[in-house]
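Sequence positions, counted from 1, serve as the residue numbers for this chain.
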Amino acid sequence: MNAPAPAEESRTVLTTPTPAASGPAASAPAAPAPTVPPSASAAPTPAAPTPAALTSPAPAPPVPAPAPVLVAVGHGSRDPRARAALARLLDRVRELRPGLDVRLAHIELNAPLLDDALAGLAAAGGRDAVLVPLLLAPGHHVTHDLPAALAATPALRARVADPLGAHPLLVEALADRLAEAGWTPGDPGATGVVLASAGSRDPRSGAVTRRIAALLGERLGGVPVLPAYASAAAPTVPDAVRALTARGRHRVAVASCFTAPGLFATRAAADAPWIASDPLGPHPALARLVLHRYDHARTTLPVRELAAV
């Protein structure tokens with residue numbers, strides 16, 4: 001029969017020191033421990049921070065300057081619906097940019113007037129402003145009235161943005177308003193649109209309006225769109241309607257290129273032989289365009305300079 005494995009002896013080898021050997025080898029001195037070179041020693045412990053490092057506060061991050069006040073400048077109207085429509089438009093602007101200081105001012109007829117609004121900002125002190133014209137094209141109000149108002153308030157740091165102009169967001173709003181009024185292309189050879197706007201003697205205003213009309217025609221699939229004016233320029237809305245009718249366009253709509261209701265918008269709608277759209281008012285695309293003009297002016301223009309006029 002095989003003997004069992006010496007388990008206990010195995011454990012003794014692992015846990016007890018080896019006994020010293022007898023004889024001459026026992027008297028030999030032990031070999032000295034090897035010397036560790038300085039380069040192999042552990043890295044030194046970093047020095048403890050000084051009391052100043054423990055007590056000095058971290059530098060505060062710079063506080064960003066407040067954004068300039070957005071002063072939206074409407075023309076003004078005796079129609080009470082005009083001010084209400086612009087107020088709703090600016091409510092949409094505030095929804096898109098929470099925390100931005102957005103104010104309404106008017107060139108004439110409605111309070112607050114632009115001069116008073118700017119004087120109030122200057123009296124408050126320390127705030128920049130960007131004036132955003134709620135007007136469609138360059139004209140006397142944009143090129144003269146707004147710079148004159150700034151000149152009368154020299155203490156205010158301000159910029160003047162471009163008018164709303166020939167921008168895809170404006171065209172989006174115009175097309176949507178036409179659709180709301182019942183626009184359908186129908187027979188493409190029988191439909192046409194008159195783009196009705198206020199009008200100006202400034203030739204740059206006419207060029208912008210013609211560009212808006214061309215963009216709207218493209219948006220509507222190639223339908224002819226003729227610009228027309230309520231004052232100061234030709235053709236009038238009735239003249240433009242007759243011109244389209246003479247070309248075989250018997251379903252003529254009037255697209256109201258006004259930011260708010262008023263006398264001109266009412267007259268243009270009355271001259272529509274088919275349908276007329278409402279003014280642009282608080283359309284979401286118009287609110288985005290107001291912010292686009294504001295952002296462009298505050299990031300690219302020196303203070304107190306007028307954009308693209």
Would you indicate whether the side-chain heavy atoms of [Y] and [X] approach each other to under 4.5 Å?
{"X": "L170", "Y": "I212", "answer": "yes"}
{"X": "V69", "Y": "L100", "answer": "no"}
{"X": "L121", "Y": "V71", "answer": "yes"}
{"X": "V252", "Y": "V194", "answer": "yes"}
{"X": "Y294", "Y": "V93", "answer": "no"}
{"X": "R210", "Y": "L195", "answer": "no"}
{"X": "L131", "Y": "R159", "answer": "no"}
{"X": "L70", "Y": "D101", "answer": "no"}

Atom pair [atom1] ([X]) and [atom2] ([Y]), whose distance is rounded to the nearest 0.5 Å:
{"X": "R219", "Y": "L178", "atom1": "CZ", "atom2": "CG", "result": "11.0 Å"}
{"X": "R94", "Y": "L89", "atom1": "CZ", "atom2": "CG", "result": "9.5 Å"}
{"X": "H283", "Y": "L289", "atom1": "NE2", "atom2": "CG", "result": "11.5 Å"}
{"X": "L134", "Y": "L280", "atom1": "CG", "atom2": "CG", "result": "11.0 Å"}
{"X": "L263", "Y": "R78", "atom1": "CG", "atom2": "CZ", "result": "9.0 Å"}
{"X": "N110", "Y": "I107", "atom1": "CG", "atom2": "CD1", "result": "11.0 Å"}

Answer yes or no: is there an ion pair linking [X] with [Y], defined by an N-O contact shorter than 4.0 Å?
{"X": "D91", "Y": "R88", "value": "no"}
{"X": "E172", "Y": "R288", "value": "yes"}
{"X": "R97", "Y": "D295", "value": "yes"}
{"X": "D128", "Y": "R298", "value": "no"}

Which residue is it: [options]? I am looking for the one with a side chain to side chain contact (heavy atoms under 4.5 Å, CB included) to [X].
{"X": "R251", "options": "V193, V223, T184", "answer": "T184"}
{"X": "P261", "options": "T266, D79, L86", "answer": "D79"}
{"X": "R177", "options": "C257, P279, S277, S256", "answer": "S277"}

ILVMFWY cluster, [X] and [Y] together (side-chain gap under 4.5 Å):
{"X": "L164", "Y": "L96", "result": "yes"}
{"X": "L136", "Y": "L104", "result": "yes"}
{"X": "V254", "Y": "W183", "result": "no"}
{"X": "V225", "Y": "V237", "result": "no"}
{"X": "L135", "Y": "L216", "result": "no"}

Backbone of [Y] reached by a side-chain donor or acceptor of [X] within 3.5 Å:
{"X": "T153", "Y": "L156", "answer": "no"}
{"X": "R92", "Y": "L286", "answer": "no"}
{"X": "R204", "Y": "P138", "answer": "no"}

Considering all heavy atoms of both residues, which atom of [X] and which atom of [Y] are nearest to each other, and what is their separation?
{"X": "A149", "Y": "D115", "result": "CB-OD1, 3.4 Å"}
{"X": "L244", "Y": "G192", "result": "CD1-C, 4.1 Å"}
{"X": "G199", "Y": "Y229", "result": "CA-CD2, 3.6 Å"}
{"X": "F258", "Y": "A196", "result": "CE1-O, 3.5 Å"}
{"X": "L226", "Y": "R247", "result": "CD2-NH1, 3.9 Å"}
{"X": "A285", "Y": "L169", "result": "CB-O, 3.4 Å"}

Could you please spell out the steps behind the side-chain contact (heavy atoms from CB on, under 4.5 Å) verdict for L114 and L146?
-> CA-CA 8 Å; L114 179 59; L146 271 62; 4.2 Å; yes
When you look at L118 and L150, which way does the side-chain contact (heavy atoms from CB on, under 4.5 Å) test go after all the steps?
-> CA-CA 8 Å; L118 297 184; L150 285 184; 3.9 Å; yes
Do D202 and H140 have side-chain atoms, one donor and one acceptor, less than 3.5 Å apart?
->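 Side-chain D/A pair, D202 to H140: absent.
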Where does the angle between the aromatic ring planes of H141 and H75 fall among parallel (under 30°), tilted (30 to 60°) and perpendicular (over 60°)?
-> perpendicular
Where do V208 and R211 land on the side-chain contact (heavy atoms from CB on, under 4.5 Å) test, with the steps shown first?
-> CA-CA 5 Å; V208 170; R211 178 59 180 156; 5.6 Å; no
